[in-house]
J.: 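Let me begin by handing over the structure; questions about it come next.
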Amino acid sequence: MAGYAQNGRGEEASRLFHEVLMSGIKPDQSTFTSILSVSASIAALDQGKQVHAYAIKVGFETWVVVGNALVDMYAKCGSIAEACNVFEEMPERDTISWTALISGYAQHGRGKEALQLFEQMQHKGYKPNDITFVAVLSACSHVGLLDEGWHYFNSMTKDHGIAPRVDHYACVVDLLGRAGFLDEAENFIKKMKLKADAVMWRALLSACKIHGNVDIGQRAAEHILELEPHDASTYILLSNMYSLAGKWDDATRIRNMMKIEGVKKEPGLSWIEVSNTVHSFAVRDRSHPQTVSIYAKLERLLKQMKEAGYVPETNCAMYGMDYE
């Protein structure tokens with residue numbers, strides 16, 4: 001089950017969990033943490049709730065590792081209130097418990113609450129680790145807390161003796177990029193002690209697209225393609241950045257480069273869980289048995305959005321639609 005979970009094969013892991021229950025084998029801590037990890041990865045909230053109920057039934061909800069997995073599952077499934085409830089009811093907590101909820105607040109755009117929880121964590125004597133600081137810096141990035149982000153980044157080494165990893169540097173790049181400090185973000189990458197990875201440059205490229213900085217965006221894309229020459233998302237980001245800037249010839253050139261290099265973007269998928277069944281959808285997907293009613297509902301929603309004043313951004317839609 002853990003193997004399925006770690007390799008993104010959630011459906012197989014879920015089936016195996018149900019087989020374990022039907023066979024009369026009593027699950028252990030590892031079983032619960034594995035299946036909760038699967039529920040979190042595919043946002044299967046109903047399944048996660050059922051696992052939670054079963055954990056209560058067999059008395060495992062009091063185990064710290066199971067509680068941590070529940071906090072993480074609820075947060076990633078969009079139920080931050082339930083994550084808080086589980087956290088508050090845990091008889092014992094460890095650093096992972098606090099980190100899971102801080103990360104959950106960050107994911108839900110509640111950066112200030114994440115930082116308040118981080119301060120409370122330290123006040124109660126829990127020592128943050130490197131993963132805790134990734135969550136804290138992400139929280140700062142998501143809500144634009146630039147000064148706070150710098151403070152916590154510097155505090156890692158100064159106050160806690162934790163050497164920043166690539167993940168921490170990437171968070172700072174994202175923080176600077178979202179705030180529009182693109183030159184500072186690029187210089188930060190150049191001056192850092194570690195070698196920048198594609199994730200870091202991609203964060204900068206995304207920020208350049210948002211803020212319309214073609215020059216820095218081009219340089220960021222070049223670095224990404226040196227590291228990952230067949231990364232489709234980089235071509236798409238670069239093409240869309242050109243189209244937003246009105247550089248249609250450059251946008252077309254990038255798309256042609258994708259074809260020449262044989263680079264194809266994997267279709268993006270979204271999914272929803274209904275009655276313990278996970279339904280996945282791709283762009284223009286009409287394979288679902290309820291396609292007619294689904295598209296009819298979408299048309300009604302689009303009409304309501306337009307009546308409410310929504311105007312879609314179409315500047316670069318034509319440059320991504322063939323690859324979605």
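Along the sequence shown, residues carry numbers from 1.
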J.: Which donor-acceptor pairs under 3.5 Å do side chains of residues 188-202 form with protein atoms, sequence neighbours excluded?
T.:
| unit_1 | atom_1 | unit_2 | atom_2 | d |
| --- | --- | --- | --- | --- |
| D197 | OD1 | V199 | N | 3.4 |
| D197 | OD1 | M200 | N | 3.0 |
| R202 | NE | D231 | OD2 | 3.4 |
| R202 | NH2 | E228 | OE1 | 2.8 |
| R202 | NH2 | D231 | OD2 | 3.2 |

J.: Taking ring pair (Phe, Tyr, Trp, His ring centres under 6.0 Å) as the test, write out the residues that go with Y74, two or more places apart.
T.: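 Only H52 meet the ring pair (Phe, Tyr, Trp, His ring centres under 6.0 Å) criterion with Y74.
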
J.: Charged N to carboxylate O below 4.0 Å: is that the case for D174 and R178?
T.: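 Answer for the salt bridge query: yes.
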
J.: Could you give all pairs that pass the side chain to side chain donor-acceptor pair (under 3.5 Å) test and reach residues 79-93, with sequence neighbours left out?
T.: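 The answer is none; no pair qualifies.
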
J.: Which residue pairs satisfy the salt bridge (Lys or Arg N to Asp or Glu O under 4.0 Å) criterion with at least one member in residues 50-67, sequence neighbours excluded?
T.: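 Listed by first then second residue: nothing to list.
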
J.: Locate the shortest heavy-atom distance separating C171 from S138; write the atom from each residue and the value.
T.: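 Scanning both residues completely, I find the closest heavy atoms to be SG-OG, 3.6 Å.
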
J.: Give me the ring orientation class for F60 and W63: parallel if the planes are under 30° apart, tilted from 30 to 60°, perpendicular past 60°.
T.: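 The arrangement is tilted - the two ring planes meet at 30° to 60°.
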
J.: Could you list all the salt bridge (Lys or Arg N to Asp or Glu O under 4.0 Å) pairs where at least one residue sits in residues 62-72, not counting sequence neighbours?
T.: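 Every pair satisfying salt bridge (Lys or Arg N to Asp or Glu O under 4.0 Å) with a residue in residues 62-72: D72-K76.
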
J.: Pairs in or reaching into residues 95-123: which pass ring-ring contact (aromatic ring centres under 6.0 Å, His included), with residues at least two apart or in two chains?
T.: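 Found F87-W98, W98-Y126, F118-F133, F118-Y152.
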
J.: Which pair of heavy atoms, one from L137 and one from F153, lies closest together, and at what distance?
T.: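 Shortest heavy-atom contact: CD2-N, 3.9 Å.
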
J.: What residues form a side chain to side chain contact (heavy atoms under 4.5 Å, CB included) with A296, not counting sequence neighbours?
T.: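 For A296 the side chain to side chain contact (heavy atoms under 4.5 Å, CB included) partners, ignoring immediate neighbours, are R300.
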
J.: Taking only residues two or more places apart in sequence or in another chain, which ones pass side-chain hydrogen bond (donor to acceptor under 3.5 Å, both in side chains) with Q122?
T.: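 Scan of Q122 (side-chain hydrogen bond (donor to acceptor under 3.5 Å, both in side chains), adjacent residues dropped) gives H160.
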
J.: I need the minimum non-hydrogen distance between A135 and A106, along with the two atoms involved.
T.: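 Where A135 meets A106 most closely, the heavy atoms are O-CB, 3.8 Å.
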
J.: Using the salt bridge (Lys or Arg N to Asp or Glu O under 4.0 Å) rule, collect all pairs that involve residues 115-138, keeping only residues at least two apart or in two chains.
T.: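 Listed by first then second residue: D130-R165.
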
J.: Not counting sequence neighbours, which residues clear salt bridge (Lys or Arg N to Asp or Glu O under 4.0 Å) with E148? List them please.
T.: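 In terms of salt bridge (Lys or Arg N to Asp or Glu O under 4.0 Å), with neighbours along the sequence ignored, E148 is linked to no residue.
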
J.: Using the side-chain contact (heavy atoms from CB on, under 4.5 Å) definition, which of the options L36, V86, I96, T99 pairs with N68?
T.: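 For N68, the side-chain contact (heavy atoms from CB on, under 4.5 Å) check succeeds only for I96.
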
J.: With sequence neighbours excluded, give me every salt bridge (Lys or Arg N to Asp or Glu O under 4.0 Å) pair touching residues 27-40.
T.: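 Of all non-adjacent pairs touching residues 27-40, none passes salt bridge (Lys or Arg N to Asp or Glu O under 4.0 Å).
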
J.: Using the test side chain to side chain contact (heavy atoms under 4.5 Å, CB included), find all partners of T157 that sit at least two apart in sequence or belong to another chain.
T.: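 Per chain and number, T157 pairs via side chain to side chain contact (heavy atoms under 4.5 Å, CB included) with P164.
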
